[in-house]
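From a predicted model like this one, the values you see are computed outputs, not experimental measurements. Both counts, for ligands and for their atoms, begin at 1 and track the order of listing.
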Amino acid sequence: MVQDWACSVMNFSRSDCRRMLVSMMFDTAEQNRVIEPFGTNLSQGAADYPGLDDWRDLDVQQAPQWYDHEVLEESLHELSHVPPLVFAGEVDVLRERLAAAAAGKAFVLQGGDCAETFAGATANKISSRIRTILQMAAVLTYGASMPVVKMGRMAGQFAKPRSSNMETRDGVTLPSFRGEIVNGFDFTEESRRHDPRRMVQAYHTSASTLNLIRAFTTGGFADLRTVHSWNKGFMSNPAYARFDELAGQIDRAIRFMEAAGADFDALRTVEFFSAHEALLLDYERALTRLDSRTGLPYITSSHFVWIGERTRQIDGAHVDYLSRIRNPIGVKLGPTTTVDQAMELIEKLDPNREPGRLTFIVRMGADTIRERLPEVMEGVKAEGATPLWITDPMHGNTITAANGYKTRRLEDIMNEVRGFFEVANATGTHPGGLHIELTGDDVAECLGGSVAIDESAFDERYETLVDPRLNHQQSLELAFLVAESLAKDTAR
Ligand code: PEP
Ligand code: CO
């Protein structure tokens, strides 16, 4: 076999060969499958389908108080008639990819801003975020010996749940910032007003972001060799010398693939999916369309949507609405989650136990995950359910720095990832992926890393409007650390 020959020429072990060939599985033959174009499989206008308005009679947590009812109606009418942002066929492909991950045959990487901003939708910022995710994915593909399903918290991640409705500064109290799809960050009465026109702006910003994502990921920017050369640039910093061995293995694997005649033309494009928290049900409802192949409703604002920790009440509006749409969906599970709650969510959101339909995004905190997760994971397994489990090591590890900034420590983040892998391995469950808040820019928001960020950098380079994100280098460092951990697990 040509691979065997190339293995010996490159002085590779058979397991290295298998690792690279197997890991490219999604990115070659399967991704070229033709997906039906939009107009042919989604009806025009908001979906008319039984049950899609039932949520309106339920408790809607985190709902905005729009300042004007007429402007709201007008904005929603407009959104009901705009073109969908994603195809039903693409959404179905993602469900299949997530089914592979739930079955232990793929790893998922979801990454992006805590809260996107309208001003942040520039070519440079979008491309550096995609670049960061692709670089992480290349490293994780090698570490996991599996295809990595790539998803951005992008092109729609504008709405934020808040623990308090109001914010007080210097004796002035105004509505809290809820993400730019609802109100502005500036602390003025006008900016903090809940303005429904912002939903229309969020739609258009998502459309232009997704357009660029599609161009980048299919136009050659994502070529594996290019991504690999970026990673070599990252590794040229001596601070990352501890990853030399792993980086060297990846480099040899890429050279091996070239020697073995891997079809790099097919590796010039990658599948990249969009994801956001489905918090604003008015917005999601207006962008729900019926698939004309099946007559079933799809949220077309994004491929994947998730329910946040604050809106996952079993009798609440969010769980009800998402139970009725066809997209693959996620639910955040915080440290107070019980087995009963997890099972109720499964019964309601995935009664048919459809592979790839439901992802649990666990965010329990580094100190808590080893105590709380085993019972929940084992309980779900004992009931015979097989959701996809991924870790969000960000939201349970937020602290306030001495100088008042909201931050997270890279070591806590990695500790939670390790805890997640330990519990999953002990339970015989596939640790199926990572959900990370990151940016491609050189910000200083999270502490630590080999090129260490400390609190003194926050005054100059702290940009996020909500939660602190890993910067480009911290994100890649995390990917190398996780890849090392995964490689150890797969070698066992
Ligand atoms: C988030 O993902 O930004 C978020 C608010 O998470 P959670 O619902 O887990 O708190
Ligand atoms: Co966040």
In ligand 1, which numbered atoms sit nearer than 4.0 Å to a non-hydrogen atom of Cys114?
3 (O)
Hey, which atoms in ligand 1 end up nearer than 4.0 Å to a heavy atom of Gly308?
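Near Gly308, meaning under 4.0 Å from one of its heavy atoms, ligand 1 has 8 (O).
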Are any of the N or O atoms of [X] closer than 3.5 Å to those of ligand 1?
{"X": "Trp306", "value": "no"}
{"X": "Lys160", "value": "yes"}
{"X": "Glu277", "value": "no"}
{"X": "Arg153", "value": "yes"}

Inspect the contact between [Y] and [X] and indicate whether a charged nitrogen and a carboxylate oxygen are less than 4.0 angstrom apart.
{"X": "Glu422", "Y": "Arg370", "value": "yes"}
{"X": "Asp467", "Y": "Lys160", "value": "no"}
{"X": "Asp113", "Y": "Arg129", "value": "yes"}

Protein residue, atom and distance nearest to [atom], heavy-atom basis:
{"atom": "atom 4 (C) of ligand 1", "value": "His395 NE2, 3.4 Å"}
{"atom": "atom 5 (C) of ligand 1", "value": "Pro161 CG, 3.8 Å"}
{"atom": "atom 10 (O) of ligand 1", "value": "Arg363 NH2, 2.9 Å"}
{"atom": "atom 8 (O) of ligand 1", "value": "Glu309 N, 2.9 Å"}
{"atom": "atom 6 (O) of ligand 1", "value": "Lys332 NZ, 2.8 Å"}

Distance only, no hydrogens: is a donor on one side chain within 3.5 Å (strictly under) of an acceptor on the other, for [X] and [Y]?
{"X": "Ser456", "Y": "Asp454", "result": "yes"}
{"X": "Asn397", "Y": "Glu416", "result": "yes"}
{"X": "Asp459", "Y": "Tyr405", "result": "yes"}
{"X": "Thr337", "Y": "Arg312", "result": "yes"}

Please classify the Glu437 to ligand 1 contact at 4.0 Å (heavy-atom distances, strictly less than): side chain, backbone, both or neither.
side chain
Centre of Trp55's six-membered ring, under 6.0 Å away, within 45 degrees of the axis: is that where NZ or CZ of Arg285 sits?
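Negative - Arg285 is either too far from the ring of Trp55 or too far off its axis.
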Does Tyr298 have Arg289 sitting over its ring (NZ/CZ under 6.0 Å from centre, angle to axis within 45°)?
no
Could you identify the N, O or S atom of Glu437 positioned closest to the Co ion (ligand 2)?
OE2
N/O/S atom name from Asp467 that is nearest to the position of the Co ion (ligand 2):
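In Asp467, the heteroatom (N, O or S) nearest the Co ion (ligand 2) is OD2.
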